[in-house]
Amino acid sequence: MRKQIVAGNWKMNNDTLETAALLDALNAAALPEDVRVMVAPAFTQLTQAKTLTENTAIEVAAQNMNAAASGAYTGEISAKMLLGIDIQTVILGHSERRAYYNETDASLAEKVTTAIENGLEIIFCFGEELQERKDNVHFDVIERQLRVALFDLPASAWKNIILAYEPVWAIGTGETASPEQAQEIHAFIRQLIAKQYDAALAENTSILYGGSVKPNNATEIFSMQDVDGGLIGGAALNADDFLKIVMAF
Ligand code: 13P
C-alpha cells in the first residue's frame, strides 16, 4: 500500500528563531498515524530541525544536493553530508531549481543516480509550464521529465522514489490545478510507470500534488484516487495551515 504524505518545502524561509517556533507548534499537535509528515528546511537549519523533531513522527528532508561525491563545487552539499546529519530524504528537480539554477532532466538524472546509490529517498518534482499546458503538450513534457530522470532506474530503486507533480503555473500563484486536472495527470503518471515497470510498482508509488495547496482546497485535492498527498510551499510556513493540510485526508 502506498503512503499518504504531506511535505512542507520551506524554500529559502525560516531562520533559527522561525524554525524553532514553527517546529514547536507542529510538535504540539497530534499527528495522524497514517500520514507521513515531512518538513524541508534550508541546509543551515537541517541539524536544528533534526534535533527539534527527535522522538516525534515529523521527518526532515533536504531541498537539494549535488550529483558529485565530493570535490571543488563551492557552495554545494553532497549526499554523504546529508547522510552524516541523518537526513534520509532529498527533494530533487523543483521547478525553481530548474528555472533559476539551470537544472535539466539530464543533470537531474545524475543527481537521482547519486541519491539512489547513497540510499537516499527522493521527492522528485516535475510538471509543465503554463505555455506548455496552453499548447496541449503537458502530457509529453511530463513523460519526458520522468523518462529522462527516472525511467532508467531499476525497479528496486523505486521504493525510494516519491513523485511530486507540480504544475509550474500553480506554484506560488494562488492558482491550483483543479482536483480533476490533478487526478488526470496523476493517473497518467501511474499508467506510465505501469507500462515502464509493472502495475504493482505503479500502485505502490506515492504521487504528491504541489501548487497552491491550502487548507481550503486540500481535502478536495487529496480525495482524488491517485493523489497521495501534497508538497506544500507557502502554507507550510504557517503551523495552523500546515496542520490543517496534514489532517485533510
Ligand atoms: P506553493 O504551495 O507556495 O504554491 O508552493 C508549492 C511548491 O513549490 C512546493 O514545492
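Quantities reported herein were computed from a predicted structural model and do not represent experimental measurements. Both ligands and their constituent atoms are indexed starting at 1 by order of listing.
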Does the residue [X] have a heavy-atom contact with ligand 1, meaning some pair of atoms that are separated by less than 4.0 Å?
X: Gly210; answer: no
X: Ala170; answer: yes
X: Ala235; answer: no
X: Lys11; answer: yes

Is any N or O atom of [X], backbone or side chain, closer than 3.5 Å to an N or O atom of ligand 1?
X: Asn9; value: yes
X: Leu231; value: no
X: Gly233; value: yes
X: Ser212; value: yes

Whether Tyr165 and His186 hold their rings parallel, tilted or perpendicular, with breakpoints at 30° and 60°
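Correct class here is perpendicular.
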
Can you list the residues that meet the side-chain contact (heavy atoms from CB on, under 4.5 Å) rule with Glu220, with sequence neighbours excluded?
Pro179

Could you tell me whether Arg147 sits above the aromatic face of Phe151, with NZ or CZ closer than 6.0 angstrom to the six-membered ring centre and within 45 degrees of the axis?
no

Any idea which protein heavy atom is nearest atom 3 (O) of ligand 1, and the distance to it?
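That would be Gly234 N, 2.8 Å.
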
Residue, atom name and distance, where the atom is the protein heavy atom closest to atom 9 (C) of ligand 1
Glu166 OE2, 2.9 Å

Looking only at heavy atoms, what is the nearest atom pair of Ile85 and Lys50, with distance?
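In this case the closest contact between Ile85 and Lys50 is O-CG, 3.8 Å.
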
Over all heavy atoms of both residues, which pair between Gln181 and Thr176 is shortest? Give the atoms and the distance, please.
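Result for this residue pair: OE1-O, 4.5 Å.
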
Are Met65 and Trp10 connected, step by step, through hydrophobic side chains (Ile, Leu, Val, Met, Phe, Trp, Tyr) whose heavy atoms are closer than 4.5 Å?
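Result: yes, single cluster for both.
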
With no hydrogens and no angle check, just 3.5 Å: does a side-chain donor-acceptor pair link Trp169 and Glu128?
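Yes, side-chain donor-acceptor contact under 3.5 Å.
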
Sequence neighbours excluded - ring pair (Phe, Tyr, Trp, His ring centres under 6.0 Å) pairs with any residue from residues 201-233
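Output for this query lists Phe222-Phe249.
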
Please could you name the atoms of ligand 1 that Gly211 approaches to less than 4.0 Å, counting only its heavy atoms?
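Result: 4 (O), 6 (C).
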
